[in-house]
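Accompanying notes for the structure given below.
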2 protein chains.
Amino acid sequence: MNSDFTLAIHSLAFLALQPDRMSTSIDISESAGVHPVRIRKVLSLLKKHRFIQSKEGTGGGFIFSLDLSEVNLWHIYQLTSEGALQPKCPESNNQCIVGSNMQKVLFTIFLGAEEHLGDYLKNYTIKDVVDLINQKQ
Amino acid sequence: MNSDFTLAIHSLAFLALQPDRMSTSIDISESAGVHPVRIRKVLSLLKKHRFIQSKEGTGGGFIFSLDLSEVNLWHIYQLTSEGALQPKCPESNNQCIVGSNMQKVLFTIFLGAEEHLGDYLKNYTIKDVVDLINQKQ
DNA sequence: CCTACCAGTAACATTTATTGTTACAGTATG
DNA sequence: CATACTGTAACAATAAATGTTACTGGTAGG
């Protein structure tokens, strides 16, 4: 599983806890323990899909632009990691009945698996994640 | 997702279609398009868990040792890929409420996700996979 | 017994994917 | 116009996956 997914969740949760002011990529990167540029890359994707807003220049940064309970983990998974479950099969042998059909069969099965995973991830909104964080506190 | 999982499925499906004779790691590797040693590594795991039997020497190889419908994809996932969904979080900042708790929260969520995935994978036995392969043919 | 064949496995090499870093352009602020 | 940001591309470093070689030991058949 791609860590862009978890970085996105981390960032959104961070922003959710700073609803009144903008947070910079450095703020978030220090919380998440990664390089600010990675944060910007991930957040640039979230911005493109209107989950957050950003502002350049002094006092700029990122801020959550939707209601916390409008965004769930499936939304984020789709942006950052769709297809990640799909295994990368090497080119297999077309002379062989197994080799020639396995790829299609697995593709079908993993497509279903991802849908199924989606049903689970839809149950967690950013609000839920924030609540869980506060509980642990 | 680790490709050991799909290699294991591929190998078992291959063996399932050769129920009366032993198949060598070379036979299987030619079908799957990978190096024989990788096949042996994966199959060594399957053997350890009694899904298959192996025999060394001339005429040796691997053979399925259970009923096709006794083995499902969740069994295989557990052997080859358990924990693969779990994202590898970098050490995050303990000074920060988000950084210090995110890891635990995500761990919990992904544990649930894997269980959920399990429920789906249990629906597919090797027999089902073989049937799908034959259908495509 | 000797040879050919095959699994099992460790050690190492290569390739690919992920992540980190630098650099710089563009924009807002005071 | 200096400072503080985002946005992004290009490149470097690291880590993970995969491939390869080499060797051990079991097995069958001549």
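Sequence lines set the chain letters: A, B, ... in the order given, protein chains first and strands last, and positions in each chain run from 1. Every heavy atom of this structure was used, including side-chain atoms; hydrogens, water molecules and symmetry mates were not.
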Among residues 10-34 of chain A, which residues get a heavy atom nearer than 4.0 Å to DNA chain D? A/T24, A/S25

Is atom CD of B/E115 surrounded by more than 12 heavy atoms (other residues, nucleotides or ligands) closer than 6.0 Å? no

Residue mapping more 5' on DNA chain C - nearest nucleotide basis, B/G60 or A/K55: B/G60

Counting only N and O atoms by type, is there a donor-acceptor contact under 3.5 Å from the side chain of A/D128 to the main-chain atoms of A/T125? yes

Is the side chain of B/E70 donor-acceptor paired with the backbone N or O of B/D67 at a distance under 3.5 Å, no angle test? yes

Expressed in angstrom and rounded to an integer, what is the separation of A/R38 atom CZ from D/dA9 atom P? 17 Å

Heavy-atom check, side chain of A/L121 versus side chain of A/F5, under 4.5 Å: yes

A/I63 atom CD1 is separated from D/dC5 atom P, nearest whole Å, by 15 Å

Reading DNA chain C from 5' onward, which residue's closest nucleotide shows up sooner: B/F62 or A/G59? B/F62

Expected rows: protein N/O vs nucleotides 23-26 of chain D N/O, under 3.5 Å:
unit_1: D/dG25; atom_1: N2; unit_2: B/E56; atom_2: OE1; d: 3.3
unit_1: D/dG26; atom_1: O4'; unit_2: B/E56; atom_2: OE1; d: 2.4
unit_1: D/dG26; atom_1: N2; unit_2: B/G57; atom_2: N; d: 2.7

Give the ring-plane orientation class for B/H49 versus B/F51, where under 30° counts as parallel, over 60° as perpendicular and anything between as tilted. parallel

Taking B/D27's backbone N and O only, do any of them form a donor-acceptor pair with B/T24's side chain (distance below 3.5 Å, no angle check)? yes

Outermost contacting nts on DNA chain C, any atom under 4.0 Å from chain A heavy atoms, listed 5' then 3', are C/dT19 to C/dT29

Taking the side chain as every heavy atom from C-beta outward, state whether B/L68 and B/V129 have any atom pair closer than 4.5 Å. no

Within the 4.5 Å heavy-atom criterion, are B/T108 and A/L132 side-chain neighbours or not? no

B/R40: which of B/S25, B/S29, B/S54 passes side-chain hydrogen bond (donor to acceptor under 3.5 Å, both in side chains): B/S25

Counting only side-chain nitrogens and oxygens, does B/S3 get under 4.0 Å of the OP1 or OP2 atom of D/dT18? yes

Any side-chain heavy-atom pair from A/Q135 and B/N101 closer than 4.5 angstrom? no

Base, sugar-phosphate, or nothing: which does A/K41 touch, judged by heavy atoms less than 4.0 Å apart? base

Using a distance-only test with no angle check, is there a side-chain donor-acceptor pair under 3.5 angstrom linking B/Y77 and B/E114? yes

Please state how far atom NZ in A/K48 lies from atom C1' in D/dG7, giving the value in whole angstrom units. 11 Å

